[in-house]
Protein chains: 2
Amino acid sequence: MMQKYLTIYHELVNRIETDYWPESTMLPSENELATKYDTSRETIRKSLDLLVQNGYIQKIRGKGSVVISKAKFNFPVSGIVSFKELASEMQEPVKTLVKELALMEPEESVQKDLEISAKEKVWKVVRVREISGEKIILDKDYFNPHYVPDLTTEIAADSIYDYLEHELGLKISFARKEIVVEQPTEADRKYLDLNGFSNVVVIKSKVYLEDTSLFQYTESRHRPDKFRFVEFARRVHN
Amino acid sequence: MMQKYLTIYHELVNRIETDYWPESTMLPSENELATKYDTSRETIRKSLDLLVQNGYIQKIRGKGSVVISKAKFNFPVSGIVSFKELASEMQEPVKTLVKELALMEPEESVQKDLEISAKEKVWKVVRVREISGEKIILDKDYFNPHYVPDLTTEIAADSIYDYLEHELGLKISFARKEIVVEQPTEADRKYLDLNGFSNVVVIKSKVYLEDTSLFQYTESRHRPDKFRFVEFARRVHN
DNA sequence: GAGTGGTCTAGACCACAAC
DNA sequence: TTGTGGTCTAGACCACTCC
């Protein structure tokens, strides 16, 4: 049995996404919802908090909750969401090409990024993402073998995250990301269809497990014309 | 009197940022904190939720809350945080140059972005941000005059957000942002020290008030070598 | 004055981790 | 078995909006 507040949250999301409640509609009041779902107001508020965080509604004190949802879609900015998950929401056909997969002694910079002591080996995976037949993204992943003892080309071609979460039972929890623009490296020129572009957009991520251990460092290198990042942000007055 | 949970949140943030609780320390349990602050556990949990959202701690079921904070700093990515706020956290000297300020009939694209009917005028503000003597960022802001009737060069040179929030009493609430890479425009070439770069990173934002009305559209155009965006992301399993 | 969302309480039971 | 965080409840009072 799923938690009440999550069940209610999903039902409300559904009503918004199916336009049962179109944009700028007022939701029923918290008391009404509590009665309707036969629960307490605090539980309803927990569901509404999720709607607020995910950009579906805006609460207005003394008035109520307004639907503000718009089309929402992210372009592949990997790190905490798997490429397979993103690809499933995209229109264009996508393909993954595994270029490199090895357990090796890492370069010094990676050693530092993965916070690993010298001489420890790491998994290095290099993959190209092809979108509509063009090689757009170069993903370089490094895994701490303490958490990821084995990897195969089959896994890398499908979804490493699927494998980690469902086969190994790892619980991925949070990531620290950084987006910068860099000069293309040799590997970028070799593997990507750069079309003369003299920059690539790079998303660098450190990914952590539920117990706060760092297990992955990733660089996702994008051709700039195909890069797009969307965000919903709230102004905080803490 | 500030709300209890915010007061407690700030006190906990302070303990983390001053290294009273360094990284990977275990916080006192929720029950201990509730006793210590003479409050209920739910109130403590509200404070801890804020710490989680802002990347200070990670909660582990059955164990406790671990400090995960690292140095946190954002490079000027304007839209929902004012440049003045960002500048105050930066090391380098910054300067704002107002290049244009006028109430005018907007181009068609801006009309659309601001969701304004034809023939309505908008405030257009063009400003250059100089960092360590280099012209790095070009900010183009458009305001709906229904919410922002007056603007002056003095306000634009200092902080428009200060003026909106403290003088006009506007309550800025949320924004939808998009980050893309574009070719430099004529204005970019004219106003910025592009140093031969053939791309600019553009952050486009629509900014909304508490009552969900759209009042501002902004393009913040950055020289790519000085652009940097950092993010803390959680993996959601909703 | 009636209705809304914001805060806070004092309990309860649960799933999970550690011993 | 004990202690932790996760969920849920039924109430209370407040600040705010609207009529």
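Heavy-atom basis, side chains included; hydrogens, waters and symmetry copies ignored. Just so it is clear: chains get the letters A, B, ... in the order the sequence lines come, proteins before strands, and each one is counted from 1.
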Check the distance between C:dG5's P and A:Leu27's CG and give it to me in whole angstrom. 9 Å
Does C:dG6 have OP1 or OP2 under 4.0 Å away from a side-chain N or O of A:Lys59? yes
Just to confirm, is there a sub-4.0 Å distance from OP1 or OP2 of C:dG3 to any side-chain nitrogen or oxygen of A:Lys63? no
Distance, rounded to the nearest Å, where A:Met2 contributes CE and D:dC8 contributes P: 11 Å
Whole-Å distance separating the CZ atom of B:Arg61 from the C1' atom of D:dG5: 7 Å
Rounded to the nearest angstrom, tell me the gap between atom CG in B:Asp49 and atom C1' in D:dT7. 12 Å
Between B:Ser65 and A:Gly62, just flag the one whose closest nucleotide in DNA chain D comes earlier from the 5' side. B:Ser65
For D:dT9, does OP1 or OP2 lie under 4.0 Å from any side-chain N or O of A:Thr43? yes
Expressed in angstrom and rounded to an integer, what is the separation of B:Glu30 atom CD from D:dG3 atom C1'? 12 Å
Whole angstrom is fine here: how far is it from CG in A:Asn31 over to P in C:dT4? 6 Å
Should A:Lys4 be listed as having a side-chain N or O under 4.0 Å from OP1 or OP2 of D:dT9? yes
For A:Glu42 and D:dG11, give me the distance from atom CD to atom C1', rounded to whole Å. 10 Å
So what does A:Glu210 hit on the nucleic acid, given a heavy-atom distance under 4.0 Å: a base, only sugar-phosphate, or nothing? nothing
I want to check one thing: is the phosphate of C:dT4, taken as OP1 and OP2, less than 4.0 Å away from some side-chain N or O of A:Ser29? yes
I need the single residue from B:Lys36, B:Lys46, B:Lys59 that forms a salt bridge (charged side-chain N to carboxylate O under 4.0 Å, His left out) with B:Glu30. Which is it? B:Lys59
Is the phosphate of D:dT7 approached by A:Tyr5 (side-chain N or O, under 4.0 Å from OP1 or OP2)? yes
Are the aromatic ring centres of B:Tyr217 and B:Phe143 under 6.0 angstrom apart? no
Kindly say if B:Thr39 contacts the phosphate of C:dC8, meaning a side-chain N or O under 4.0 Å from OP1 or OP2. no
Would the distance check show the side chain of B:Glu17 and the main-chain N or O of B:Asn14 forming a donor-acceptor pair, the cut-off being under 3.5 Å? no
Tell me what A:Leu48 touches on the nucleic acid: a base, only sugar-phosphate, or nothing, going by heavy atoms under 4.0 Å. nothing
Rounded to whole angstrom units, what separation is found between the CD1 atom of B:Ile44 and the C1' atom of D:dT7? 18 Å
Side chains of B:Ser173 and A:Arg235: closer than 4.5 Å at any heavy-atom pair? no
Counting only side-chain nitrogens and oxygens, does A:Arg45 get under 4.0 Å of the OP1 or OP2 atom of C:dG6? yes
By the 4.0 Å heavy-atom rule, please label A:Glu32 as base, sugar-phosphate, or nothing. sugar-phosphate
Cationic tip of A:Arg176 above B:Phe232 ring, under 6.0 Å, 45° of axis: no
